[in-house]
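What follows is one structure encoded as structure tokens, with my remarks underneath.
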Amino acid sequence: MAPILCMRGITKHFPGVLANDRIDLEVEEGEIHALLGENGAGKTTLMNILYGLYEPQEGEIVFQGRPIKVSSPHQAIGLGIGMVHQHFMLIPVFTVAENIILGLRSSRGLVLDMEQVQRRILDLSERYGLGIDPNAYIWQLPVGLQQRVEIIKALYRGAKLLILDEPTAVLTPQETRELFHILRSLAQQGTSIIFISHKLNEVMAISDRVTVLRDGRVVNTVLTRETSQTELACMMVGREVVLRIERPPPAPGEPVLEVNDLHALNDKGLPALEGVSLRVHRGEILGLAGVDGNGQIELAESLVGLRRPTGGKILVKGRDVTGSLPSTLIRMGVACIPQDRKAIGSIGEFSLAENVILGSHDQPPFARHGLLNRQAIRRYCQHLISEFDVRTPGVDLQARALSGGNLQKLILAREVSRPHDILIAVQPTRGLDVGATEFVYRRLLEERQNGKAILLISTELDEVLCLSDRIAVIYEGRIVGEMRAEEAVAEEIGLLIAGSRREIGIGRRDESRSTADRKNSFAKETRERV
Amino acid sequence: MLETVFNRLFLVTFLASTIRMATPILLAALGEIYTEKSGVLNISLEAQMLTAALAGFIGAYYTQNNWLGLLLGMLAGILISLLFALLTVSLRADQIVVGITLNLFALGLTTFIYRVLFGVAVIPPHVEPMVEVHIPVLSDLPVIGPVLFQQKAVVYLTFLLVPIAHWFLFRTTIGLKIRSVGEYPLAAETVGINVTRTRYLCILLSGLGTGLGGAFLSVGQLARFTDNMTAGRGFIALAIVIFGQWKPYRAALAALIFAAADALQLSLQAVGVQIPSQFLLMLPYGVTVLAMIFVARRATAPAALAQPYVKEG
Ligand SMILES: Nc1ncnc2c1ncn2[C@@H]1O[C@H](COP(=O)(O)OP(=O)(O)OP(=O)(O)O)[C@@H](O)[C@H]1O
Ligand SMILES: [Mg+2]
């Protein structure tokens, strides 16, 4: 079969970085081709080139047998190349149908022909099993469905090749299974797919072939059925990776963080926490498992002072800090790796050096008498960058230019390097490659050995099981189960997470919540991007 | 005294002037809805209106033709809005700062030009007042006739524009494009929509409407020009856009409410009610402030409002 896409010798420099170095990539018709590589390996850059967002300095692209030059996404779409970005390009206040026909010609000239559009959307939705209602507003949809709207949007425009950049990073396991189902049905009907993911088991499950990138270069392209997770990890990182880490027996000390019957509202003013009680001791990791949108964000925000609880108490080292300011909490020794590293964790327009002192920016040695000591700040940043292996050309780079994984490492570095007793880590490995994930796991365990109290909030059950000494499960704003790690059974936690211990309202409420959250972070991102 | 306030003649005059006075504000507000829907906050409506009021007056005065005056007013509105678009969309200057600057600039400029051309006269120069157009049959109806169907042509045009503006914004492909650019310009750009061009289009369209509104103020209503004659109407129009939640019909309603307050204070002054005129003058602005307090909290602005768009890559 002839390849639908041939990229040859693609090279892209950014100031100080060679993001793509003579990359060759071939994709067959109806193939699911996985693109694998460490954080900053150049995957997104390569796809942005194909989609017309970046212009390469060298190289050629042949699509459907013809050499093409793509200088805008619009052109790419016209050629039959569709892309589903990590940050969806959807307008929350528009309906599905409006989002899909945006920018397209209407059969009735100037006037929108919504009925015909709706029919075509329903046709496509049925053909590929997408289950999309063309009249729903985007902000009402859970993330998984929004992603499918993006897929339909591309198909509606006649996409022959679909690019998905880390599509599963935001999905629940259930949604991921459904997505894979859709991708298979697309591929069977002739659409080619480029699939980016850091999760090796997903790559093994869905792809036909894998191309591995490292430091902007192609390491190899292999057939999925002839390779293994270990081999792929090895190709990516250039060494053996062990994800099963040694966890020395716990030696918990006195409680450092106590949460008693905490209540809080979400951004829409609806109850998000309805009586959460937790206790985290020195030298232990408490894992909080649960599906996105069950109050985790509100809990984390309450703990770091970004959200005022409507009831209950938070005690840090025995002192009541309910409703305190973030600055007070930082001084009390609370550190946090937030879920949204772009909107809350960092300031995109600031340099890396400025970002690593956020929160301690008024403390010596970074500031004296209200004046910043730039030398000390840069030296400190340099030190963190090398200790935490952040891949960057320098400390003066704007934070927004870092690849997702490297930004995460930078925030981790900042938080664990300042004096603290408690670390709250929310989704600390979302979007990280295996090497970086392993690194974060080690650092978290080191923290535990150093007698810190760690609250790990994660939707990845494997992660919670692998790191925690105790596990609590949150569902609809309540703790529905708590157990010691030795007693934990994955299946049982899985049931608790899904809320099956309770009879009413399974899934419904958490859907509307995650949508509200999504809309919120969506808006934030939108603001950030423009 | 109450009888004089509530007799039929009073009512008819009051309602008719409400509609007339709503016209220039509504024109400005309709334009601003388009601008804001495309993500641009143009607070220089006052400048556009005032400049257009003067330009319109000059045109009508020298050509002896009110229609040519209105045309010149629209041209002036477009010119100011073009300047605004150049600075904010192309050069990405801060929209608020540019807006304030233009407002101050226009205030000085119009006063200056008026003095240069007409000096300080005891009897200020004026133009022929525009005539009311009586719609056959309908204008003979009691109350409704004189209120709705004995108005100036511009008034009819303005209220006809309301459904058209609504239809265009919510039912056409261009309207969809405009709204998308104001919500998420990057997403719009990726599907081939030209953000810059769309924003220019809206700003200029708004200049046209606001210009007509300003010129109607001098040529159509007062038949003369006075210093700072817009007296904050451009800002009221801004408030009305928010009050109307960026929707033409609601904006029309809001404009009528404001104009009613304004007409009421005029009528009350005319019949000599024993309230200090300063308080009466405050009425429309007070109504606006109250409306903003109660409505503005619920309104959701376009997500990308007032943010310059910078392409990446
Ligand atoms: N706009 C930009 N300006 C400067 N450097 C950039 C820019 N975009 C990406 N880079 C750099 O190019 C390199 C490749 O980044 P890219 O985003 O392609 O990585 P990635 O493989 O997608 O990583 P991740 O898995 O973390 O998303 C990184 O070193 C990054 O810092
Ligand atoms: Mg990436």
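A note on names: the letters A, B, ... follow the listed sequences, proteins ahead of strands, and every chain is numbered from 1.
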Item to check | Tyr51(A) and Thr190(B) side chains, donor-acceptor separation under 3.5 Å | outcome: no

Next on the checklist: Under 4.5 Å from any heavy atom of chain B, what part of Arg108(A) do you find: side chain, backbone, both or neither?
Outcome noted: neither

Next on the checklist: Counting the benzene-type ring for Trp, do Phe14(A) and Tyr54(A) have ring centres under 6.0 Å apart?
Outcome noted: yes

Item to check | Proximal component of Phe168(B), with respect to chain A [non-hydrogen, under 4.5 Å] | outcome: side chain

Checklist entry - Is it the side chain or the backbone of Leu102(A) that comes within 4.5 Å of chain B heavy atoms, both, or neither? => result both

Checklist outcome for this item: Looking only at Gly39(B), Ala188(B), Ala187(B), the option with the highest number of non-hydrogen pairs under 4.5 Å against chain A is Ala187(B)

Checklist entry - Can we say Glu183(B) and Lys37(B) salt-bridge, meaning some charged N sits less than 4.0 Å from an Asp/Glu carboxylate O? => result no

Checklist entry - Salt-bridged, Glu349(A) to Arg400(A), with N to O below 4.0 Å? => result yes

Item to check | Closest non-hydrogen atom pair between Thr35(B) and Cys202(B), with its separation | outcome: OG1-O, 3.7 Å

Checklist outcome for this item: Note: vs chain B, highest number of non-hydrogen pairs under 4.5 angstrom among His74(A), Met114(A), Glu55(A) is His74(A)

Next on the checklist: Given heavy-atom pairs under 4.5 angstrom as the criterion, report whether the side chain, backbone, both or neither of Ile193(B) touches chain A.
Outcome noted: side chain

